[in-house]
Amino acid sequence: QVQLKESGPGLVQPSQTLSLTCTVSGLSLTSNSVSWIRQPPGKGLEWMGVIWSNGGTDYNSAIKSRLSISRDTSKSQVFLKMNSLQTEDTAMYFCATLSIPGWFAYWGQGTLVTVSS
Amino acid sequence: DIQMTQSPASLSASLGETVTIECRASEDIYNGLAWYQQKPGKSPQLLIYNANSLHTGVPSRFSGSGSGTQYSLKINSLQSEDVASYFCQQYYDYPFTFGSGTKLEIK
């Protein structure tokens, strides 16, 4: 049974760096790709980026300069780091498995991040 | 970026009815399209991929169709558990982009 679970701080101050962890079970990160997707309250979904099964990454150009995705395959964890946070980064952040060529088959429950002083 | 225009933004229908949600891409996406259902307070769940392939475990009353720039999701025999928001997503080109969503309610 595939499960993903996001964790991280619920509150981040403006201009600070966000760090999130996605812990995966039921599949291997060396055979599967994982994406981060976010959803501002009451709004639509934005794809942020992906770490491929081979460890390579691709990012949404709109946030590429602020975003980094990495992983620890031994712990089955995928990490998101995004710097220079602003209030518009307030959102529910999801991790999801990416089935090639590009649909998201399994999702975590999401973690709400609020950017506020 | 490929823009995904979804319609209608909201929809109210009666139990047992058939409803259709449309998604239009700003350019040809060659069937690189998925549909998701998101219930209140939950994460999105995959319904359809490759425009018309049903994901494992999804009821057969859901179906997808379309080609080129125009795609649709049809729900037959609407049931109360279908109350949700529905999103389309293109994966033909980076960045992957989503439609703005359709909120489905029961009349």
Side-chain angles (χ1 to χ4, degrees), chain A residues 1-7 20 22-24 26-27 32-52 56-67 69 91-113, chain B residues 1-10 21 23-25 28-58 62 64 66 71 73 84-103:
Chain A
Q1 180 185 2
V2 177
Q3 290 188 320
L4 300 92
K5 187 170 184 179
E6 305 86 348
S7 58
L20 297 177
C22 173
T23 302
V24 178
L27 57 82
N32 293 271
S33 304
V34 173
S35 266
W36 287 94
I37 297 153
R38 66 179 178 175
Q39 184 174 35
K43 296 190 177 179
L45 297 155
E46 179 185 31
W47 176 73
M48 302 180 72
V50 57
I51 185 161
W52 299 104
T57 54
D58 277 299
Y59 302 115
N60 188 327
S61 55
I63 51 175
K64 183 177 182 177
S65 63
R66 300 195 289 137
L67 183 64
I69 299 175
M92 186 72 80
Y93 286 74
F94 299 98
C95 58
T97 61
L98 175 57
S99 298
I100 295 172
W103 61 85
F104 305 106
Y106 301 100
W107 296 65
Q109 63 192 21
T111 187
L112 180 62
V113 174
Chain B
D1 298 2
I2 296 176
Q3 305 302 314
M4 304 300 292
T5 303
Q6 203 173 323
S7 62
S10 63
I21 299 167
C23 193
R24 176 171 50 86
D28 195 328
I29 57 172
Y30 300 94
N31 282 17
L33 186 101
W35 289 97
Y36 302 88
Q37 176 192 66
Q38 185 177 31
K39 296 185 178 181
K42 300 293 187 182
S43 56
Q45 299 297 306
L46 177 67
L47 297 173
I48 302 282
Y49 61 95
N50 289 344
N52 56 24
S53 296
L54 201 64
H55 183 51
T56 305
V58 175
F62 291 91
Y71 298 87
L73 172 71
S85 291
Y86 293 84
F87 295 91
C88 60
Q89 175 234 334
Q90 69 81 22
Y91 47 86
Y92 173 69
D93 196 12
Y94 294 115
F96 301 144
T97 47
F98 292 84
S100 54
T102 294
K103 188 173 183 180

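Lettering of chains follows the sequences in order, A, B, ..., and the numbering in each one begins at 1.
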Segment of Tyr36(B) engaging chain A (4.5 angstrom heavy-atom cut-off): side chain
Gln38(B) portion near chain A, given a 4.5 angstrom heavy-atom threshold: side chain
Donor-acceptor contact present, side-chain Ser100(B) to main-chain Gly44(A), <3.5 Å: no
Mutual orientation of the aromatic rings belonging to Phe96(B) and Trp47(A) [parallel < 30°, tilted 30-60°, perpendicular > 60°]: tilted
Minimum-distance pair of heavy atoms, taken over all atoms of Gly102(A) and Tyr91(B): O-CB, 3.4 Å
Ala105(A) versus Leu46(B), closest heavy-atom pair with distance: CA-CD2, 3.9 Å
Under 4.5 Å from any heavy atom of chain B - which part of Phe104(A): both
Top contributor to chain B interface from Ile37(A), Leu45(A), Asn60(A), Leu98(A) [non-hydrogen pairs under 4.5 Å]: Leu45(A)
Heavy-atom pairs under 4.5 Å with chain B, option from Tyr59(A), Tyr106(A), Trp52(A) with the top count: Trp52(A)
When Asn50(B), Asp1(B), Thr97(B) are compared by non-hydrogen pairs under 4.5 Å with chain A, the top option: Asn50(B)
Test log, rule side-chain contact (heavy atoms from CB on, under 4.5 Å), inputs Gln39(A) and Phe87(B): CA-CA 12 Å; Gln39(A) 184 174 35; Phe87(B) 295 91; 3.8 Å; yes
Arg66(A), CZ atom: more than 12 neighbouring heavy atoms under 6.0 Å: yes
